[in-house]
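All values below were derived from every heavy atom in this structure, side-chain atoms included, with hydrogens, water molecules and symmetry-related copies excluded.
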Amino acid sequence: MKYLRILTLLIMALFLKSVSYAQISQEVRNQLFDKKPEFTGGKIAYEKFLDKKLVYPNITNRDKRIASVKVISQFVVEKNGKLSNFSFDCEFDILGDYSQEDYNKISELYSDYYHTSMNDFLLKMPRWKPAEYKGKKVSTVYELPVVFRYSDAVVPKKKTEDIFVLVEKQPEFPGGESALIEYINKNISYPQQARDKNIQGTVFVTFVIEANGSISNAKILKGIGGGCDEEAIRIVKNMPPWEPGKQRGKPVRVQYNLPIKFIAQ
């Protein structure tokens with residue numbers, strides 16, 4: 001039965017992937033409407049249906065760091081109220097400190113389970129009231145977010161290893177300081193909000209370079225707003241592993257501060 005379950009999930013994953021790339025016509029994507037589509041019976045009827053019909057994935061040994069999973073479903077509400085062209089995207093809320101690599105692994109491991117649950121949930125739905133434009137029923141794209149919440153989520157115990165500020169051998173970005181500057185210049189994106197408001201300056205980010213060279217605990221020491229703070233955090237979290245710092249010849253955790261400049265081009 002275990003292998004049958006795995007085979008079923010693999011087949012379903014392939015199906016969902018093919019559906020997620022379904023070609024929705026440009027006409028439907030750009031369809032204007034003056035009355036949006038609606039679940040039959042309205043918000044209260046939908047909430048009752050959600051409570052009754054949504055089934056959580058049956059996951060053995062679920063990672064207890066997962067506090068919630070938001071599944072954003074996109075589909076077409078046809079003129080006759082039927083739903084078609086399902087696609088899904090998952091956003092995981094994970095407790096405690098974690099790296100981008102941890103997040104990617106969790107997303108890769110669990111996303112298909114939630115895609116399957118949402119697919120089953122949408123297939124159970126009655127026909128919707130379609131969108132209308134100038135009194136005529138029209139097909140249009142609709143997005144529906146659903147959140148799976150877990151009350152048993154726990155914050156993992158933090159390691160008691162010391163975090164150093166100064167060490168005998170400082171951590172180093174692969175290729176050195178010039179490679180770090182090149183990485184930032186190549187990957188940074190000046191936020192549109194900052195462009196519109198002419199926001200410029202330096203964002204100071206602090207983070208920990210772990211004993212294995214990975215990045216954790218990235219936080220803003222001093223920000224400038226306009227989306228620049230978030231972009232600076234993104235740049236840091238996406239860094240490749242560093243050469244870790246060493247104390248007495250042993251790799252250790254090191255706190256590191258990094259200035260990232262945002263200048264209008």
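Checked against salt bridge (Lys or Arg N to Asp or Glu O under 4.0 Å), Asp229 has no partners two or more places apart in sequence or in another chain. For Phe121, the ring pair (Phe, Tyr, Trp, His ring centres under 6.0 Å) test picks out Phe49, with sequence neighbours left out. Partners of Tyr46 by ring pair (Phe, Tyr, Trp, His ring centres under 6.0 Å), not counting sequence neighbours, listed by chain and number: Phe39. In this view, Asp152 and Arg62, Lys64, Tyr150 satisfy the side-chain contact (heavy atoms from CB on, under 4.5 Å) rule, not counting sequence neighbours. In this view, Ala211 and Pro251 satisfy the side-chain contact (heavy atoms from CB on, under 4.5 Å) rule, not counting sequence neighbours. Applying the ring pair (Phe, Tyr, Trp, His ring centres under 6.0 Å) criterion to Tyr256, with sequence neighbours excluded, gives Phe207, Trp242. Looking at residues two or more places apart in sequence or on another chain, you find a side-chain contact (heavy atoms from CB on, under 4.5 Å) between Leu32 and Tyr133. Under the side chain to side chain donor-acceptor pair (under 3.5 Å) criterion, Gln26 pairs with no residue, sequence neighbours left out. With sequence neighbours excluded, the residues forming a side-chain contact (heavy atoms from CB on, under 4.5 Å) with Lys35 are Glu132, listed by chain and number.
In the hydrophobic clustering (ILVMFWY side chains linked at under 4.5 Å, chained through shared members), Phe204 is joined by Leu221.
Within 6.0 Å of the NZ atom in Lys222, the count of heavy atoms belonging to other residues, nucleotides or ligands does not exceed 12.
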Let me check something: any side-chain donor-acceptor pairs from residues 163-185 under 3.5 Å, sequence neighbours excluded? List them with distances.
unit_1: Glu168; atom_1: OE1; unit_2: Arg248; atom_2: N; d: 2.7
unit_1: Gln170; atom_1: OE1; unit_2: Val167; atom_2: N; d: 3.1
unit_1: Tyr183; atom_1: OH; unit_2: Ile235; atom_2: O; d: 2.8
unit_1: Tyr183; atom_1: OH; unit_2: Asn238; atom_2: O; d: 3.3
unit_1: Tyr183; atom_1: OH; unit_2: Met239; atom_2: N; d: 3.3
unit_1: Asn185; atom_1: ND2; unit_2: Ile181; atom_2: O; d: 3.3

Distance-only check: which donor-acceptor pairs under 3.5 Å involve side-chain atoms of residues 70-83, not counting sequence neighbours?
unit_1: Glu78; atom_1: OE1; unit_2: Ser139; atom_2: OG; d: 3.2
unit_1: Glu78; atom_1: OE2; unit_2: Ser84; atom_2: OG; d: 2.5
unit_1: Asn80; atom_1: OD1; unit_2: Lys82; atom_2: N; d: 3.0

